[in-house]
Amino acid sequence: MMYASLGMLDLGGLTQFSSKDSSLLPKLSVGPGKLLVSSRRFHTRRLLLSRTRAKHDHTVMTDDLSATKNIKSDMKNLKILDLDPGLEPYKDHFEYRMKRFSEQKMLIDQYEGGLEDFAKGYLKFGLNRENGSIVYREWAPAAEEAQLIGDFNGWDGWNHKMEKDQFGVWTIKIPDVNGSSVIPHNSRVKFRFKHSNGVWVDRLPAWIKYATVDSTRFAAPYDGVYWDPPPSERYEFKYPRPPKPEAPRIYEAHVGMSSSEPRVNSYREFADNVLPRIRANNYNTVQLMAIMEHSYYGSFGYHVTNFFAVSSRSGTPEDLKYLIDKAHSLGLRVLMDVVHSHASNNVTDGLNGFDVGQPTQDSYFHTGERGYHSLWDSRLFNYSNWEVLRFLLSNLRWWLDEFKFDGFRFDGITSMLYHHHGINMAFTGDYNEYFSESTDVDAVVYMMLANCLIHSLLPEAMVIAEDVSGMPGLGRPVDEGGIGFDFRLAMAIPDKWIDYVKNKSDDEWSMNDITKTLTNRRYTEKCVAYAESHDQSIVGDKTIAFLLMDNEMYFGMSCLKEASPTIDRGIALHKMIHFITMALGGEGYLNFMGNEFGHPEWIDFPRVGNDWSYDKCRRQWELVDTEHLRYKFMNEFDSAMNLLDEKFSFLASTKQIVSSADEEDKVIVFERGDLVFVFNFHSDNTYDGYKVGCDLPGKYRVALDSDAWEFGGHGRVGHDVDHFTSPEGLPGVPETNFNNRPNSFKVLSPPRTCVVYYRVEEKDILVESGVEEEILVETMKIATPATEGKVQSSEIPEEEDDEDERLI
């Protein structure tokens with residue numbers, strides 16, 4: 001392999017870069033309009049081998065001119081400006097970052113053979129098998145001497161010295177002996193190097209694929225592990241990736257804390273015991289946290305030390321492959337919570353150990369304040385560095401190719417987007433907050449490259465951005481001028497619910513404020529909505545269920561006695577909060593492990609402050625499995641609302657109309673797809689004959705009822721009732737309609753309930769009347785028939801059916 005720095009490369013007979021050719025040079029962003037040439041390193045490949053022939057020079061010039069034309073074309077075709085004319089004043093910014101992206105991609109194509117090849121760095125760096133040898137490569141420009149040490153040489157590296165090329169890459173080749181590898185599988189290794197002050201230090205290889213620690217020793221350092229199992233021990237995938245769903249229903253999970261026992265759970269136990277629960281609740285996607293190795297368990301996996309290594313607390317790489325394959329066999333796609341926004345500042349175990357005071361172009365991180373996150377106490381990547389791009393892009397490909405992940409949730413995007421990292425920023429939606437010299441264009445270009453790579457390797461991949469700022473274009477394709485994510489997390493929603501549950505009495509809840517928060521998202525940029533994730537229940541806060549019911553959850557959840565007003569209110573609002581978030585808050589839905597059944601208390605990882613206890617770092621599955629406890633009601637409703645989307649695909653529908661948000665009645669009525677949703681947040685009022693608007697005329701029935709007995713409700717809504725519509729006003733004249741809807745029907749709406757109505761298709765009506773001899777469409781029962789004789793006003797009861805139908 002050959003590497004080059006622009007400051008060191010002898011171009012010889014190659015066409016020289018002049019000032020007018022500066023667009024071809026790597027750039028370092030310091031804000032729009034301000035460019036500095038960096039000494040970024042890049043792999044020159046075969047282009048450098050031909051150095052003097054005029055024919056070759058002519059070819060290079062032709063390719064450069066063609067690439068320049070492509071860049072200009074990319075800059076002109078910014079469809080994102082057509083989608084949002086409000087972005088037009090920032091056209092220069094979008095053109096600038098598209099130019100930066102196109103230039104960077106062109107350089108990668110020219111010197112690395114393309115983005116996909118560039119992202120195969122793990123096949124060269126780290127420890128790999130090559131032609132009957134183990135070859136180890138490490139990029140460490142600051143090192144003056146280097147050795148490979150480990151169990152294989154008694155941790156004495158004097159016989160295994162590495163050689164450094166002029167570009168800072170250290171290499172050693174260790175031939176097999178008698179046909180066997182000198183470094184055995186599953187043996188410990190480290191990179192030992194001497195830096196400028198003459199001190200020798202031991203570090204884990206940056207590209208190590210597995211790392212372990214002696215759990216019997218307190219604060220013991222991690223060791224790199226050479227992982228190359230024999231064929232008999234390698235896990236072979238058996239099941240294909242499931243198809244991409246119309247809308248993701250995501251179950252966010254942490255494998256380590258998924259056991260009911262106070263300990264770290266394993267990948268295989270999670271696969272065998274937790275995945276079936278997720279499938280039973282009708283989720284279609286699992287999002288796994290804390291997969292990348294992190295030395296501090298309490299970081300929730302967000303202070304990564306070893307980016308290519310599976311967290312060894314829960315098992316081996318083969319165990320994780322078993323988990324993912326098991327998920328695929330159940331029809332579940334698997335997303336990985338990837339952390340490329342920062343790295344642990346741990347120098348002993350992590351990537352930060354390679355930083356020994358060298359300039360930023362020779363480091364994975366920025367130097368000085370720019371390289372340190374003051375709130376997270378972590379290091380920040382230099383996204384303009386060629387080898388950092390190789391490292392991070394290869395990291396994405398590694399998890400996709402080796403472990404068959406189906407996509408990623410990118411953590412901490414806000415920190416990447418801005419030089420201020422969002423610290424002490426209250427984003428108001430003013431576009432000037434997004435497009436200025438505060439924007440870190442280096443990071444933006446990296447994310448554009450990352451999304452291009454992911455969707456090139458796996459067109460069906462799903463990539464989600466965690467951004468609190470609301471950056472316009474984050475969720476639009478790169479070729480339109482966007483950053484390329486498929487979804488963004490709707491992060492304002494959980495904050496709103498926590499504020500309401502903590503600080504407002506029931507009569508202070510604003511229907512307009514709730515609907516505004518749930519619907520406040522950018523047109524054509526998809527969102528994943530959630531009422532609470534892991535963030536809302538970490539130590540110092542509580543789950544929504546515990547905020548609603550608090551200490552009464554310890555003694556009031558038994559079905560063997562009548563529910564107290566607190567428990568009754570808590571269960572009712574828990575169902576309503578999660579369901580309206582799902583139905584109105586986005587194009588996807590996310591739930592954190594355990595919240596589907598109202599897990600009590602909070603999350604607290606083992607630490608000094610709790611005497612290293614695992615008591616709050618587990619999931620109490622026995623609560624939902626115990627038949628006489630009320631947790632089962634919230635769990636059943638969670639399953640039912642996912643099933644509702646499975647059958648009606650309302651999350652994927654672009655039709656979303658809020659026809660009423662009545663502050664006095666405390667009722668919200670809206671349509672999603674062809675379903676009509678009625679949420680009554682009033683604490684006391686039952687509305688009999690309550691008129692709700694709808695689009696299509698016909699007959700409507702209950703599809704889902706939170707007040708059904710099996711969901712811990714009171715069975716007040718009749719499910720054996722047909723709701724016939726009445727026309728409202730003049731067709732095509734909304735101002736004459738009822739709440740701007742051309743039709744309406746009347747319902748019974750008890751307090752603290754949500755009921756969904758579906759329109760009975762004409763064919764089904766004919767079948768029921770005996771006109772056609774057809775089998776009815778598959779029925780999904782989500783609400784049991786109410787007590788006999790309960791008829792809603794202005795409605796015609798249907799002949800009673802003995803079947804236990806909940807949803808059709």
Side-chain angles (χ1 to χ4, degrees), residues 83-84 86 247 414 425-431 433-434 466-472 474-475 487-533 535-536 544 547 573-590 641 650-651 653-673 675-683 692-695 734 737-741 749 752-754 756:
L83 288 173
D84 183 358
T414 307
M425 281 292 297
F427 291 96
T428 65
D430 184 336
Y431 281 6
E433 297 169 345
Y434 307 118
E466 187 212 31
D467 169 43
V468 72
S469 74
M471 164 70 82
L474 188 68
F487 289 85
R488 67 197 314 154
L489 289 178
M491 300 185 70
I493 295 175
D495 292 342
K496 177 63 66 176
W497 288 125
I498 295 298
D499 177 49
Y500 268 49
V501 173
K502 276 186 173 182
N503 304 318
K504 295 182 185 294
S505 61
D506 290 3
D507 59 359
E508 292 177 315
W509 287 31
S510 168
M511 303 299 100
N512 283 295
D513 186 38
I514 290 172
T515 55
K516 179 182 177 182
T517 300
L518 291 172
T519 59
N520 183 23
R521 54 188 185 272
R522 291 186 59 78
Y523 173 64
T524 73
E525 295 194 39
K526 295 180 180 180
C527 286
V528 173
Y530 61 105
E532 54 183 334
S533 70
D535 285 329
Q536 280 65 51
I544 285 179
L547 285 170
L573 287 179
H574 187 274
K575 292 180 290 185
M576 296 180 72
I577 287 170
H578 287 80
F579 189 37
I580 196 171
T581 298
M582 178 194 200
L584 200 56
E587 292 71 33
Y589 177 69
L590 178 143
M641 67 187 203
F650 62 86
L651 276 174
S653 175
T654 57
K655 178 182 177 183
Q656 177 176 286
I657 300 169
V658 179
S659 59
S660 178
D662 195 301
E663 298 292 4
E664 184 176 350
D665 294 344
K666 298 294 182 188
V667 174
I668 298 172
V669 180
F670 62 92
E671 294 158 72
R672 190 75 190 268
L675 297 176
V676 179
F677 297 75
V678 183
F679 282 77
N680 182 355
F681 282 95
H682 204 286
S683 57
V692 300
C694 65
D695 181 18
N737 299 158
F738 174 73
N739 290 338
N740 291 321
R741 308 310 292 142
S749 181
R752 294 192 183 119
T753 63
C754 48
V756 186

**Fill in**
Here the pair of heavy atoms bringing Gly429 nearest to Tyr434 is CA-OH, 3.5 Å
**Message:** Once rounded to the nearest 0.5 Å, what's the spacing between atom CG of Leu675 and atom SG of Cys694?
**Reply:** 12.0 Å
**Message:** Going by salt bridge (charged side-chain N to carboxylate O under 4.0 Å, His left out), Glu587 matches just one of Arg488, Lys526, Arg521. Which one?
**Reply:** Arg521
**Prompt:** Do side-chain atoms of Asp467 reach the backbone of Ser469 as a donor and acceptor pair under 3.5 angstrom?
**Reply:** yes
**Message:** A side-chain contact here means heavy atoms from C-beta on lying under 4.5 Å apart; do Phe677 and Cys754 qualify?
**Reply:** no
**Prompt:** Can you tell me how far the CD1 atom of Ile514 sits from the CD1 atom of Ile493, to the nearest 0.5 Å?
**Reply:** 11.5 Å
**Item:** Nearest-0.5 Å distance that lies between atom NZ in Lys496 and atom OG in Ser510
**Value:** 8.0 Å
**Request:** Kindly give the heavy-atom pair with the smallest separation between Cys527 and Ala490, and that separation in Å.
**Result:** CB-CB, 4.2 Å
**Message:** For Asn740 versus Pro734, what's the shortest heavy-atom pair and its separation?
**Reply:** OD1-O, 3.2 Å
**Steps toward side-chain hydrogen bond (donor to acceptor under 3.5 Å, both in side chains) verdict (Ser659, Glu671)** = CA-CA 8 Å; Ser659 59; Glu671 294 158 72; 5.0 Å; no
**Item:** Value rounded to 0.5 Å, distance of CZ in Arg741 from CD1 in Ile657
**Value:** 4.0 Å
**Request:** With the side chain counted from C-beta on, respond yes when Phe738 and Val692 share a heavy-atom pair under 4.5 Å apart, and no when they do not.
**Result:** no
**Asked** Has Glu508 got more than 12 heavy atoms of other residues, nucleotides or ligands less than 6.0 Å from its CD?
**Response** yes
**Message:** A side-chain contact here means heavy atoms from C-beta on lying under 4.5 Å apart; do Glu466 and Asp535 qualify?
**Reply:** yes
**Prompt:** Do you see a donor-acceptor pair shorter than 3.5 Å between the side chains of Asp84 and Tyr431?
**Reply:** yes
**Message:** Are the side chains of His682 and Val667 in contact, using a 4.5 Å heavy-atom criterion?
**Reply:** no
**Item:** 4.5 Å side-chain heavy-atom contact, His578 and Ile544
**Value:** yes
**Request:** Please say whether the positively charged group of Lys575, taken as NZ for Lys or CZ for Arg, lies over the ring of Phe579, i.e. under 6.0 angstrom from the six-membered ring centre and within 45 degrees of the axis.
**Result:** no
**Message:** Set out, in order, the CA-CA distance, both residues' side-chain angles and the distance that settles side-chain contact (heavy atoms from CB on, under 4.5 Å) for Thr414 and Phe427, then state yes or no.
**Reply:** CA-CA 11 Å; Thr414 307; Phe427 291 96; 4.2 Å; yes
**Prompt:** So do Asp695 and Lys655 actually touch side chain to side chain, heavy atoms under 4.5 Å?
**Reply:** yes
**Met582 and Phe650, any side-chain heavy atoms less than 4.5 Å apart** = yes
**Asked** Taking all non-hydrogen atoms of both residues, which atom of Met576 and which atom of Arg752 are closest, and how far apart?
**Response** SD-C, 3.2 Å
**Asked** Does the side chain of Asp662 come under 3.5 Å of the side chain of Ser660 through a donor N or O and an acceptor N or O?
**Response** no
**Prompt:** When rounded to the nearest 0.5 angstrom, what is the spacing between CG in Leu573 and CZ in Phe681?
**Reply:** 7.0 Å
**Residues Lys666, Asp506: salt bridge by 4.0 Å N-O rule** = no
**Item:** Closest non-hydrogen atom pair between Ala529 and Thr581, with its separation
**Value:** CB-O, 3.5 Å
**Request:** Please report the shortest heavy-atom distance between Gly588 and Leu651, naming the atom on each side.
**Result:** N-CD2, 4.2 Å
**Prompt:** Has the side chain of Glu663 got a donor or acceptor atom that lies under 3.5 Å from a matching backbone atom of Met511?
**Reply:** yes
**Message:** Measuring only between side-chain heavy atoms, which start at C-beta, is Leu584 closer than 4.5 Å to Gln656?
**Reply:** yes
**Item:** CG on Leu518 to CD1 on Ile580, rounded to 0.5 Å
**Value:** 5.5 Å
